[in-house]
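Report on the following structure.
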Amino acid sequence: ISTDNYKNLIDRHGALRGIFDIDSKVIELKNKEELTSNPSFWNDKKNAEKELKSISYIKQWIDQFNEISNKLEDLEVLFEFEKKGELEYS
């Protein structure tokens, strides 16, 4: 991978974070999860089910973005090793 390609990936990752508004999704998830700890939340089972589906959906977005972030961090480590000549190819 070239330096330009790597920088492009970093830029795209940052753009995706903003486009998908991941930080707001994390806050929204926390707030929704807090609601589920309120005993009255479960009084309206239909609404509770709807909220649980929403929580699941938001978690999927966050988990998938975090997976991409982790892969990018792994790539960063490999890229640094390669730049220093410390990466061995088999």
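The chain is numbered in sequence order, starting from 1.
Atom CG of Asp74 sits about 11.0 Å away from atom OG of Ser69, to the nearest 0.5 Å. Atom CG in Leu29 sits 10.0 Å away from atom CD in Glu34 (nearest 0.5 Å).
There is no path of hydrophobic side-chain contacts, each under 4.5 Å, that joins Phe65 to Leu72. No single ILVMFWY cluster, assembled from side-chain heavy atoms under 4.5 Å apart, contains both Ile27 and Ile58. If you chain together hydrophobic residues whose side chains sit under 4.5 Å apart, Ile55 and Ile22 fall into the same group. By the criterion of side-chain heavy atoms lying less than 4.5 angstrom apart, applied directly or through intervening Ile, Leu, Val, Met, Phe, Trp or Tyr residues, Ile10 is not grouped with Ile19; the two fall into different hydrophobic clusters.
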Return a table of donor-acceptor pairs under 3.5 angstrom between the side chains of residues 45-54 and protein atoms on other chains or two or more places apart.
| from | atom 1 | to | atom 2 | distance (Å) |
| --- | --- | --- | --- | --- |
| Glu51 | OE1 | Lys32 | NZ | 2.8 |
| Ser54 | OG | Lys32 | NZ | 3.4 |

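Taking the salt bridge (Lys or Arg N to Asp or Glu O under 4.0 Å) definition, one finds that Glu33 meets it with Lys59, sequence neighbours left out. Applying the ring pair (Phe, Tyr, Trp, His ring centres under 6.0 Å) rule to Phe20 yields the partners Trp61; only residues at least two apart in sequence or on another chain are considered.
Within a 6.0 Å radius of CZ in Arg17, other residues, nucleotides and ligands contribute more than 12 heavy atoms.
Between Leu75 and Leu9, the shortest heavy-atom contact is CD2-CD1, 3.5 Å. Across all their heavy atoms, Ile68 and His13 have their closest contact at CG2-CD2, 4.0 Å.
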